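Only one structure is covered here, and it is reproduced in the block below.
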Amino acid sequence: MSSQPTDPPAARFWNVEDVPGLDFDPFMEQALAQDTLDRVRLPHGEGEAWLAAKYEDVKFATCDPRLSRQALVGRDVTRLAPHFIPLDDAVGFADPPQHTRLRKTVSKVFTTRRIAQLRPRAEEIANRLLDGMERSGPPADLMEHLNTPFSLAGMSELMGVPEEDWPKMADWTREVISAGIGRDISERAKKEIGEYFDALATERRESPRDDLLSHMAKAEREGELSRGELVAFAVLMQISGMNSVRFNSANMVYLLLTHPEQHARLRSEPELLPQAIEELLRFIPHRNAVGMARVATEDIQHGRVTIRRGEPVYASYLAANRDPDRFTDPHTLDFDRDFNPHLAFGNGPHYCVGASLARMESEVMLRALLDRFPGLRLAVPPEELRWRRGELIRGPQELPVTW
């Protein structure tokens, strides 16, 4: 890439029209064709922003310490959602070293050993849910019988949310991530789920259990994080942990059922499943547009563009995962792609702390489904499926299947 400075390109309006099914957003395709950072405006907020779409540009945008998440707080930057998802004290708004301190409070829960300990319980939940689906008989909505209750149970149990409160947790998380129900409802839900975790953390300080919230309450007691940081972290973990697995796993099933050759391979080659999940993670466009921006704390020269102090920069992991300069035949779902450095869980300091849990839960769900229902297929033609519209996270509203 040439380093000769040029005038910034004209901003394009990313209206984020509904893209059918799991089709790749044409706007991202155009951004990948640029030889430099793009300029965009999104439906909410003010001004314009830079967009990093190519793989190496995304790595720059997510690792350069001059691009700050903390500087985003209080800024009404152009964005997809009418509101910010995390609370202001959340780890998503933090920069190192504060970000490093916050992540340490939960990183012990996501070690390889701990995830292995959680697997038998995850398998038990998946099999119990599939027992119920089998008793109900076909056709069945897989979202209702497996993907939603499994992801809700897995994250809620890890956090320490009592089972009787899971329905409330499901409603709150749905309202917080919705871009279409209005800012007031989403902000109220965010406030209520924060108050819930505040009260539950107080209980766990007095009566700790073997759950993530008790671990965080211990860290608070020892002065490693404040109550505001604890609550914000808990809310973010519950919302993102539940919904990412819920919709990504449903998208994985949809892709398998619409790619019969890959579906057949996983039935006949069960050892291929972990590698297949990595390719599914790379391939799935799991959200609309982009997530949270970063703000330049000083002027930055990157290639031929100058990012001015105070300007927001977005990084598109989805676009980077389809960059032809990094992946051969990027729009092909290829389970033989053994070297797969995808960015589905992010990059840099904000790499998803729960990535290993999400991988394990996806593997457990798919393995249980493939073993129990080898003849699984969609109960309706693919074009009749209803997809989430006007939302931050993409996925089917229902996933009717038969066997």
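The model shown is predicted, which means the values in this text are computed figures rather than measured ones.
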Show the nearest heavy-atom pair for residues Asn147 and Ala250, with the distance to one decimal.
ND2-N, 3.3 Å
Could you tell me if the side chain of Arg12 sits less than 4.5 Å from the side chain of Gln30, heavy atoms only?
yes
State, with a plain yes or no, whether a side-chain heavy atom of Arg39 is found less than 4.5 Å away from one of Glu311.
yes
Distance check, rounded to the nearest 0.5 Å: Phe335 atom CZ versus Leu273 atom CG?
8.5 Å
From CA spacing to verdict: side chain to side chain contact (heavy atoms under 4.5 Å, CB included), Leu230, Leu213
CA-CA 8 Å; Leu230 181 155; Leu213 202 62; 4.0 Å; yes
Nearest non-hydrogen partners of Met143 and Leu399, listed with the distance:
CG-N, 3.8 Å
Could you tell me whether the side chains of Thr306 and Gln301 share a donor-acceptor contact shorter than 3.5 Å?
yes
Any ion pair linking Asp35 and Lys54 (charged N to carboxylate O, less than 4.0 Å)?
no
Looking at Phe327, I'd like to know if the NZ or CZ of Arg337 sits under 6.0 Å from its six-membered ring centre while staying within 45 degrees of the ring's axis.
no
Working for side chain to side chain contact (heavy atoms under 4.5 Å, CB included), residues Leu102 and Leu225:
CA-CA 7 Å; Leu102 292 172; Leu225 76 169; 4.2 Å; yes
Flag side-chain contact, heavy atom, 4.5 Å: Glu361 against Leu118
no
Between Asp23 (side chain only) and Val19 (backbone N and O only), is there a donor and an acceptor less than 3.5 Å apart?
no
Salt bridge or not for Arg101 and Glu224, using N-O below 4.0 Å?
no
Check the angle between the aromatic planes of Tyr351 and Phe345 and answer parallel, tilted or perpendicular using the 30° and 60° thresholds.
perpendicular
Criterion side chain to side chain contact (heavy atoms under 4.5 Å, CB included) on Thr402 and Arg377, from CA distance to verdict:
CA-CA 6 Å; Thr402 189; Arg377 60 193 185 277; 3.6 Å; yes
Just by modelled atom types, is the Gly132 backbone N or O under 3.5 Å from a matching donor or acceptor in the Ser136 side chain?
yes
Heavy-atom distance under 4.5 Å between the side chains of Trp387 and Leu22, does that happen here?
yes
Salt bridge check, Arg359 against Glu278: does any charged N sit closer than 4.0 Å to a carboxylate O?
yes
Would you call Asp334 and Arg282 a salt bridge, taking side-chain N to carboxylate O under 4.0 Å as the test?
no
With heavy-atom distances below 4.5 Å as the criterion, would you say the side chains of Glu229 and Phe233 are in contact?
no
Is any side-chain heavy atom of Gln98 closer than 4.5 Å to one of Gln70?
yes
If you look at every heavy atom in Arg114 and Lys108, which pair is closest and at what distance?
CB-O, 4.3 Å
Axial cation check for Phe247 ring with Arg388, 6.0 Å and 45° limits:
yes
Sidechain N-carboxylate O distance under 4.0 Å for Glu195, Lys191
yes
Within a 6.0 Å radius of atom CZ on Arg309, are there more than 12 heavy atoms belonging to other residues, nucleotides or ligands?
no
Looking only at heavy atoms, what is the nearest atom pair of Thr332 and Glu279, with distance?
O-OE2, 3.2 Å
Nearest heavy atoms of Val58 and Ala315, plus distance in Å:
CG1-CB, 4.1 Å
Is there a donor-acceptor pair under 3.5 Å between the side chain of Asn127 and the backbone N or O of Glu123?
yes
Any donor-acceptor pair under 3.5 Å from His263 side chain to Pro374 backbone
no
Could you tell me if Thr297 and Arg66 have a donor-acceptor pair between their side chains, going purely by distance under 3.5 Å?
no
Arg209: which residues meet the salt bridge (charged side-chain N to carboxylate O under 4.0 Å, His left out) condition with it, sequence neighbours left out?
none
Between Asp165 and Lys168, is there a side-chain N and carboxylate O pair less than 4.0 Å apart?
yes
Go through the steps to decide whether Asp336 and Arg265 satisfy the test salt bridge (charged side-chain N to carboxylate O under 4.0 Å, His left out), and finish with yes or no.
CA-CA 11 Å; Asp336 291 317; Arg265 282 196 69 187; 3.1 Å; yes
Between the side chain of Arg79 and the main-chain N/O of Ala81, is any donor-acceptor distance below 3.5 Å?
yes
Does NZ or CZ of Arg322 fall inside the cone over Tyr55's six-membered ring, less than 6.0 Å from its centre and within 45° of the axis?
no
Would you say Arg75's side chain and Val295's backbone share a donor-acceptor pair under 3.5 angstrom?
no
Donor-acceptor under 3.5 Å (Ser156 side chain, Ala153 main chain)
no
Output yes when Arg121 and Glu157 qualify as a salt bridge under the 4.0 Å nitrogen-oxygen rule, no when they do not.
yes
Any Val161 side-chain heavy atom under 4.5 Å of Gln238 side chain
yes
I'd like to know whether CD of Glu261 has more than 12 heavy-atom contacts from other residues, nucleotides or ligands below 6.0 angstrom.
no
Nearest 0.5 Å, what's the CG-CG distance between Asn321 and Leu343?
5.0 Å
Measure from the side-chain N and O atoms of Thr173 to the backbone N and O of Ala170, and report whether any donor-acceptor pair falls under 3.5 Å.
yes
Sequence-distant partners of Glu144, side chain to side chain contact (heavy atoms under 4.5 Å, CB included), two or more places apart
Asp141
Taking the side chain as every heavy atom from C-beta outward, state whether Ile307 and Leu37 have any pair of such atoms under 4.5 Å apart.
yes
d(Met159 CE, Met237 CE) to nearest 0.5 Å is 6.5 Å
Rounded to the nearest 0.5 Å, how far does CG of Leu80 lie from CH2 of Trp14?
8.5 Å
Trp172 ring center near Phe197 ring center (under 6.0 Å):
no
Where the side chain of His215 meets the backbone of Val109, is there a donor-acceptor pair that is under 3.5 Å apart?
no
Going by distance alone, is a donor N or O of one side chain under 3.5 Å from an acceptor N or O of the other, for Arg227 and Thr202?
yes
How about CG on Asn15, more than 12 heavy atoms from neighbouring residues, nucleotides or ligands closer than 6.0 Å, or not?
yes
One thing to verify: whether Glu363 and Arg367 come together as a salt bridge, which I'm taking to mean a side-chain N less than 4.0 angstrom from a carboxylate O.
no
What's the shortest heavy-atom distance between Ser151 and Met242, and which atoms?
CB-O, 3.4 Å
Carefully, step by step, assess Met133 and Leu142 under the rule side chain to side chain contact (heavy atoms under 4.5 Å, CB included).
CA-CA 8 Å; Met133 189 172 90; Leu142 201 64; 3.5 Å; yes
Taken to the nearest 0.5 Å, the spacing of Thr78 OG1 from Leu42 CG works out to 4.5 Å
Inter-residue atom distance Tyr314.OH - Met292.CE, 0.5 Å rounding
9.0 Å
